[in-house]
Peer 1: 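Here it is, the structure, as structure tokens.
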Protein chains: 2
Amino acid sequence: MAATSKDVARLAGVSQPTVSRALRGHPSVAPETRRRVEEAARALDYVASERGRVLSLRKTHRIGIVVSDLTNPFYPHLLAPLHDYFKQAGFRTVLFTEQDEDGPTIEELADGSLDGIVLTTSLVDSPLPAALMHRDIPFVFLNRESDATADSAVVDNVYGAALVGDLLVELGHHRIGAVFGPRAASTGRDRETGFRRSLSKHGRSLADELAVSVPFSFSHGRAALGTLLARSEPPTALFCGNDVIALGVLDGAVELGVRIPEDLTVVGFDDITIASWAHIGLTTVHCDLDRLARTAGDLLLKRIADPDREHVRSIQRPHLVLRRSHARLQLPSSPSKKEH
Amino acid sequence: MAATSKDVARLAGVSQPTVSRALRGHPSVAPETRRRVEEAARALDYVASERGRVLSLRKTHRIGIVVSDLTNPFYPHLLAPLHDYFKQAGFRTVLFTEQDEDGPTIEELADGSLDGIVLTTSLVDSPLPAALMHRDIPFVFLNRESDATADSAVVDNVYGAALVGDLLVELGHHRIGAVFGPRAASTGRDRETGFRRSLSKHGRSLADELAVSVPFSFSHGRAALGTLLARSEPPTALFCGNDVIALGVLDGAVELGVRIPEDLTVVGFDDITIASWAHIGLTTVHCDLDRLARTAGDLLLKRIADPDREHVRSIQRPHLVLRRSHARLQLPSSPSKKEH
DNA sequence: CTGAAAGCGCTTACAG
DNA sequence: CTGAAAGCGCTTACAG
């Protein structure tokens, strides 16, 4: 259907390779020849087939991005800057989701259709990184880590979560709770570590019954709030494994008539856009996700260009953003089940 | 680097085409041959190169999805079901953004790297649809329309917006305002038409100074609220071109101390997930975006399978979802600038 | 049942 | 400066 370089060659009265050279701007092509070829190409609406080019060049200029769930409001914060970065660098973005067991198989990623891969979602025990490594397929971890020696762009989650621990203690809270993310994710695990470490540094600890681990989702955050408030000694402050969980907690709070921050302090992690909406005003740990994503893109492109370079782990230091979802513990005025 | 079918052939002691046949499950291959080939393939970690396959088969099993802005919280509602639908049908998803003038060129979409394209974002005057049509590249409009005879999956926007007009009138509002979407988008245009039509049906009209058109974005919605409230006769009810605009309006309201719905009724369109959060409680027009996206996917795949079939326009009828952002006009108790 | 041949549409040494 | 040749890695008639 579509015209090929042969058609253009015939029309321009040159050989097919000359069409290729002329259109790619090869310096040795005579100006007049180039003109004729360009004219013929235009006449035929010719666009060089990337199918042919890709097979010939062994480069696809395509990057795979693996996210867990497109529905999760966290991912656009990674996907958008990643896509823009790659687009500008002349690469296209192919989307993969890795939900439950149902992730992309190594075969899908290793069929030569991708120049490199961004893993944003891998669980600590995912077999994908090792498999990619074994096949020498360039990839980078974004917001994730693993034991594998690989490129990664991450936030210092331990540090960031400790900031929250420090804050909650300083605000005078004692019944501190946590809705951690999954331990199988490095972000979930590291944020838990940092938070616990901070509490023990201050001589506090996290009561077992006030700590849960849930997937990074709105609905799980929402449900977790109910669970924790049903404890005999419910928390007055809650660290959430990320903003999406915190948003769920906030939502549950409205539903349950729990006032934020008077009855409950809630702190998230990531600082996604929604956290800063006036309605929401979530106090959280700010990560520069745009920069994080671009850094990952950069690492991947460098790895593609030079497969043998040293692996680098780029760590970004986050900081607290104080908004309206935290408050000093108010012992006297608390209208809840204080008198028991 | 990676093993090719030739390597497998050598190891299995067969010809290269036999490897291809064996691995694709061609019925004529002898069981014992197939076994040997499979074993060799496994030993070499062989995965058939999709670069070769694609050139040979003239099918890429790749679908391009064009959205305007990945950052906009609306798009995941289309992207997620689209991606899932295509994935399940054996197609991959390549992402394109079309922001401002900076959209994908027809050359990018016509280079043979895509089997079909979903346009979710096209402005009425976009040259893309005509160019795709001219080149016989299968595509479908999702949540968009144009004059082009093409497949499309849309919501009855005129009808949905009229529902809002009816509601506002029935609630007793007279100073009715609107933050429409862009007229250059069929959704923006049709929702404006439907809304105006409903008002005139009830003998009302929209004061010019109470109607603005803005891009479908949070920040524009936010800014528009300020603009409209600064009018000499500010509105008591506001129709928003979509939920994202409405969310911006809600955000501005918090900032400006405008109470929703006591001081101002706000109604959106789309019913994205956030609209139903307890915090938000946005009254809006519900569209089944999941179904809409799957319908579009379906239309596109059918078009790919049969380029000559009749074009179909699938129209979904939306309905109102009453939540907490609307209220009956309360003349006496209004504490605002009533006494002038 | 399986091999040899041709072809998908490019790019890039290699000659001349 | 440009053509003929080879090759990228598959698939699929075509023979046998």
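Chain letters run A, B, ... following the sequence lines, proteins first, then strands; residues in each count from 1.
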Peer 1: Is there a salt bridge (Lys or Arg N to Asp or Glu O under 4.0 Å) between A:Arg62 and A:Glu50? Walk through the geometry before answering.
Peer 2: CA-CA 11 Å; A:Arg62 236 176 271 130; A:Glu50 88 118 41; 2.2 Å; yes
Peer 1: Considering every strand and a 4.0 Å limit on heavy-atom distances, what is the contact class for A:Gln16: base, sugar-phosphate, or nothing?
Peer 2: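 Since a base atom lies under 4.0 Å of A:Gln16, the category is base.
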Peer 1: Using a cut-off of 4.0 Å on non-hydrogen atoms, how would the nucleic acid contact of B:Arg51 be classed: base, sugar-phosphate, or nothing?
Peer 2: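 Result for B:Arg51 = nothing.
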Peer 1: Looking only at the side chain of A:Ser49 (C-beta and beyond, no hydrogens), which of the listed nucleotides C:dT12, C:dC10, D:dG9 gets closest?
Peer 2: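 For A:Ser49, the side-chain atoms sit closest to C:dC10.
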Peer 1: Could you please name the option among D:dC1, D:dG3, D:dG9 that lies closest to any side-chain atom of A:Thr18?
Peer 2: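 Between D:dC1, D:dG3, D:dG9, the one nearest the side chain of A:Thr18 would be D:dG3.
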Peer 1: Give, for atom CZ of A:Arg92 and atom NZ of A:Lys87, the distance between the pair rounded to the nearest 0.5 Å.
Peer 2: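 If I round to the nearest 0.5 Å, the distance is 11.0 Å.
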Peer 1: Can you tell which of C:dT11, C:dG9, C:dC1 lies closest to the side chain of B:Ala30?
Peer 2: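 The closest nucleotide is C:dC1.
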Peer 1: Find the runs of at least 3 consecutive base pairs, i with j, i+1 with j-1 and so on, that include DNA chain D, using Watson-Crick or G-U wobble geometry with both distances under 3.5 Å.
Peer 2: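 DNA chain D forms these stems: C:1-3 with D:14-16, C:5-12 with D:5-12, C:14-16 with D:1-3.
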Peer 1: Between C:dC8, D:dT2, D:dC8, which nucleotide gets closest to the side-chain atoms of A:Ser56?
Peer 2: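 So the nucleotide nearest the side chain must be D:dC8.
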Peer 1: Taking the side chain of B:Tyr46 as its heavy atoms from C-beta onward, which of D:dT11, D:dG3, D:dC10 lies nearest to it?
Peer 2: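 Nearest to the side-chain atoms of B:Tyr46, counting from C-beta on, is D:dC10.
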Peer 1: State the CG-CG distance between A:Leu44 and A:Leu11, to the nearest 0.5 angstrom.
Peer 2: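 Output value for this atom pair is 5.0 Å.
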Peer 1: Base, sugar-phosphate alone, or nothing: which one does A:Ser20 contact when heavy atoms must sit under 4.0 Å apart?
Peer 2: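 Answer is base: heavy atoms of A:Ser20 come under 4.0 Å of a base.
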Peer 1: Check every atom of D:dT2, C:dG3, D:dG9 against the side chain of B:Arg21 and return the nucleotide holding the closest atom.
Peer 2: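 My answer, after comparing the listed nucleotides, is C:dG3.
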Peer 1: Among D:dC10, C:dT2, C:dA4, which is the nearest nucleotide to the side chain of B:Arg53?
Peer 2: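 Out of D:dC10, C:dT2, C:dA4, the nucleotide with an atom closest to B:Arg53's side chain is D:dC10.
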Peer 1: Taking only the side-chain heavy atoms of A:Ser28 (C-beta and beyond), determine which of C:dT11, D:dT2, D:dG9 contains the nearest atom.
Peer 2: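 That would be D:dT2.
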